[in-house]
Chemist: 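Please read through the structure below; I'll follow up with questions.
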Amino acid sequence: MGFFCKQSVLLNFIFSLSALQTCVSGSVIARAADCHANSYKGPLNPSFENGIKDWKVISGNAFGDNSASSETSYWGGPFNKIGNSFLWGLLQSGEAAVGELHSSTFRASSFMSFLIGGGWGPEDLYVGLVSESDGKILYRQTATNDEAMIRIVWDTSAYAGQNVYVSVVDNSTATSWGHINLDDIRTGCDALIGEKGNHFNVLGQANQPIRSQSTLKPDQLFASDPIRPQFHYTPYQGWINDPAGLIEWKGKHQLFSQFNPVAPLWGPMHMAHADSSDAVHWRELPVAMYPPYVQDPLDTSGRFTGSAVLDNSTGGIHFIFTDATDVSRHPGKLPEVQSSALSTDGINFDFYSGNPIIAAPPPRSGNGWRDPKVFHDTTDNTWKMVVGSGEGATGNVQLYVATDEKLLSWKYIGVLTEGTGSTGGMWECPNFFPIGDKWVLFYGGNSLGFWEVGTYDGTKFTSEKVGLLDAGPDSYAMQWYKDSAGRNLAIAWMGNWPTSKWPSRVNGWAGTQSITRELFIRADGGLGSKPIKEVSSLANGPAKALGAKNVHGTISVGSTNTARLQVTVDLATSNAPGFTIFMHKSNVEQVTLYYSVKNQTLTLDTTNAGYGQAGTWNAVVAKSPDNKLSLDIFIDRSSVEVFAGDGTAMTATVFPRYQESTAVNIESVGGKTVFDSITLTPFGSTWS
Ligand SMILES: *[C@@H]1O[C@H](CO)[C@@H](O)[C@H](O)[C@H]1NC(C)=O
Ligand SMILES: *[C@@H]1O[C@H](CO)[C@@H](O)[C@H](O)[C@H]1NC(C)=O
Ligand SMILES: *[C@@H]1O[C@H](CO)[C@@H](O)[C@H](O)[C@H]1NC(C)=O
């Protein structure tokens with residue numbers, strides 16, 4: 001019996017038993033349904049309420065009498081501690097210290113859970129469960145490079161009744177994230193049940209099927225993790241950030257992603273690859289590009305974001321990207337140059353022997369010079385390239401023109417446009433293209449995505465209007481491409497740099513790509529986005545349509561965490577000051593989206609939504625001529641992606657703590673809100 005069976009039991013403990021089809025053992029169900037059967041007392045002082053009393057320092061000086069803390073929060077938010085104190089691994093002797101701490105011996109129960117935080121390091125920073133008789137490590141779990149603690153659940157039923165102890169191992173001398181935090185060890189049924197009787201989501205690396213040993217199909221494999229989005233692209237294990245190389249090639253949409261397969265952390269950048277016939281259902285393909293020093297994981301030289309064009313001479317995919325060098329390891333080399341790779345089969349990429357194709361940075365690029373995006377310039381019928389850059393406090397976009405048909409020789413033109421400082425000193429991931437008689441520029445700066453709409457004369461862009469690509473906390477590095485139907489499409493990374501919240505690292509992965517969006521010029525002349533129409537093919541069951549409805553107080557729309565919610569509100573006949581949509585909701589946590597009629601604003605609130613970034617974010621929604629407000633919302637296990645009818649987008653990752661956090665409710669307070677329609681459609685997997 002594999003990991004998946006164990007996990008199915010936990011996942012289905014309170015809900016249906018349908019996923020157990022892949023498990024054949026009936027006794028497994030019996031065991032989970034009766035978690036008290038093998039319930040014994042856990043270790044002494046399991047929540048460090050008495051300092052480290054009853055815990056034993058085995059070696060080193062990382063742990064000691066000063067290890068327990070009663071702090072509630074740190075610079076990035078709450079620790080998520082339970083009770084008054086917890087084990088804060090850096091208090092005793094700092095980050096670099098090493099040591100090992102053991103709990104008292106106890107008898108393993110049916111289940112066990114605990115809170116873990118601190119550094120990521122499966123080999124040298126972990127909490128383990130050790131069999132006392134032979135010293136064998138039965139389970140181990142590392143943290144997330146975040147102080148905030150996350151609940152891990154282990155099915156210990158195979159060891160029930162045996163003597164075990166908890167071992168806290170800090171064998172990391174790292175001066176950053178070289179410590180481990182621990183709190184609230186629970187055993188038996190208590191291990192599964194938290195506040196107000198809610199059931200913890202079953203998280204932890206031990207619950208993730210090992211892909212190479214699994215016979216599960218991709219959709220089953222990706223479904224086995226309760227906080228993994230189902231219809232958004234994620235890496236099964238490892239880290240992704242920017243989408244890159246977007247192109248429709250031979251009828252298939254190509255999605256490449258910045259990728260580190262060895263850890264759920266940024267590192268030596270590979271280029272992951274997937275393709276799709278509808279830009280909605282993805283198929284994983286082999287890694288397209290490896291970093292130059294792949295044998296050395298500490299060398300962060302890598303293949304950074306770039307763009308793809310059709311290679312006319314071979315019919316292949318020509319990928320132009322930034323070759324980044326870790327200059328701490330390779331002194332004297334330039335940190336960033338622009339390079340070329342070609343694939344004729346759409347899978348294997350060969351680096352051009354004449355790389356780099358642009359060997360040295362232009363003026364005004366002191367802060368960086370990366371993320372080339374090639375485009376066809378309709379003003380003079382040339383092929384051009386924009387590259388993100390900046391100098392001092394000012395970000396800019398550098399412009400080049402191809403001087404050969406193979407797009408291997410490039411001539412510098414100059415700075416296409418430059419910021420004023422308010423959008424950051426380094427613009428990343430620039431994209432530049434025409435829509436109608438306007439030109440659109442967008443880029444990342446100051447950890448936000450900005451668009452600008454204006455005019456262009458072949459060398460200079462003149463901005464007329466500026467705005468945000470996405471008003472939520474988790475969107476960056478969007479990339480544009482034009483499909484064969486002539487639509488302007490884009491995919492964004494559902495993540496961003498200032499957040500330290502990557503809770504899915506406990507399950508071995510981090511990073512999600514947005515659904516494919518279609519870009520358009522809004523009524524007010526700004527840049528808008530909306531989901532592509534093909535997303536409707538993700539529906540995997542009948543839509544629940546509530547029809548026209550006057551809402552007073554609260555109504556329940558449904559209970560799901562993998563769905564699309566579409567509403568249209570008639571603002572003319574509504575008299576409430578606003579309304580709220582609740583998602584990922586239980587009686588202890590929720591995401592809220594509030595619309596204020598007076599302010600014409602949407603406020604997304606994740607303050608009490610789970611393990612993700614807590615906060616509130618606002619967006620002004622332009623009034624439509626018919627005074628209707630439409631919202632198209634994608635709810636996907638750990639995220640919400642909101643599109644308003646005017647083209648506003650708001651994206652947040654949330655990572656609910658509890659299995660019950662699936663309610664979708666609508667509330668109108670202080671009057672009625674008139675809905676023309678409310679439709680909730682269950683969505684399936686991007687991998688099926
Ligand atoms: C700790 O790290 C050292 C040096 O890397 C290694 O020799 C030792 O075996 C490690 N100890 C444990 C308990 O993993
Ligand atoms: C490839 O050929 C097409 C058709 O002739 C042309 O429109 C396009 O500009 C060419 N692409 C490049 C990169 O030269
Ligand atoms: C509406 O805007 C005012 C003024 O900026 C602000 O004080 C108020 O909190 C806003 N209300 C809502 C519900 O957004």
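Keep in mind that the numbers below use all heavy atoms, side chains included, and drop hydrogens, waters and symmetry copies. Along the sequence shown, the residues carry numbers beginning at 1. Remember, it's 1-based here, ligands and their atoms both numbered in the order they're listed.
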Chemist: Could you walk me through whether Lys384 and Asp377 pass the salt bridge (charged side-chain N to carboxylate O under 4.0 Å, His left out) check?
Modeler: CA-CA 6 Å; Lys384 290 206 173 106; Asp377 187 342; 2.6 Å; yes
Chemist: Go through the steps for Phe432 and Phe442 under the test ring-ring contact (aromatic ring centres under 6.0 Å, His included), then give the verdict.
Modeler: CA-CA 7 Å; Phe432 191 53; Phe442 65 77; over 10 Å; no
Chemist: Check whether NZ of the Lys or CZ of the Arg Arg303 lies under 6.0 Å from the centre of the six-membered ring of Phe321 and within 45 degrees of that ring's axis.
Modeler: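 No.
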Chemist: With nothing but distance in play, are any N or O atoms of His376 less than 3.5 Å from an N or O of ligand 2?
Modeler: no
Chemist: Can you name the one residue among Tyr456, Phe433, Phe461 that meets ring-ring contact (aromatic ring centres under 6.0 Å, His included) with Trp439?
Modeler: Tyr456
Chemist: Does Tyr352 have any ring pair (Phe, Tyr, Trp, His ring centres under 6.0 Å) partners at least two apart in sequence or in another chain, and if so, which?
Modeler: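 If we apply the ring pair (Phe, Tyr, Trp, His ring centres under 6.0 Å) test to Tyr352, skipping adjacent residues, there are no hits.
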Chemist: Checking His552 now: which residues fulfil ring pair (Phe, Tyr, Trp, His ring centres under 6.0 Å) with it, not counting sequence neighbours?
Modeler: none
Chemist: Distances under 3.5 Å, N/O of ligand 3 against N/O of the protein: list each pair and its distance.
Modeler:
| from | atom 1 | to | atom 2 | distance (Å) |
| --- | --- | --- | --- | --- |
| ligand 3 | 2 (O) | Asn599 | OD1 | 3.3 |
| ligand 3 | 2 (O) | Asn599 | ND2 | 2.2 |
| ligand 3 | 11 (N) | Asn599 | ND2 | 3.0 |
| ligand 3 | 14 (O) | Asn599 | ND2 | 3.3 |

Chemist: List the residues meeting ring pair (Phe, Tyr, Trp, His ring centres under 6.0 Å) with His253, not counting sequence neighbours, and say none if there are none.
Modeler: Tyr481
Chemist: Which part of Leu407 is near ligand 2, with near meaning a heavy atom under 4.0 Å away: side chain, backbone, both or neither?
Modeler: side chain
Chemist: Tell me whether Asn171 has any N or O atom under 3.5 angstrom from an N or O of ligand 1.
Modeler: yes
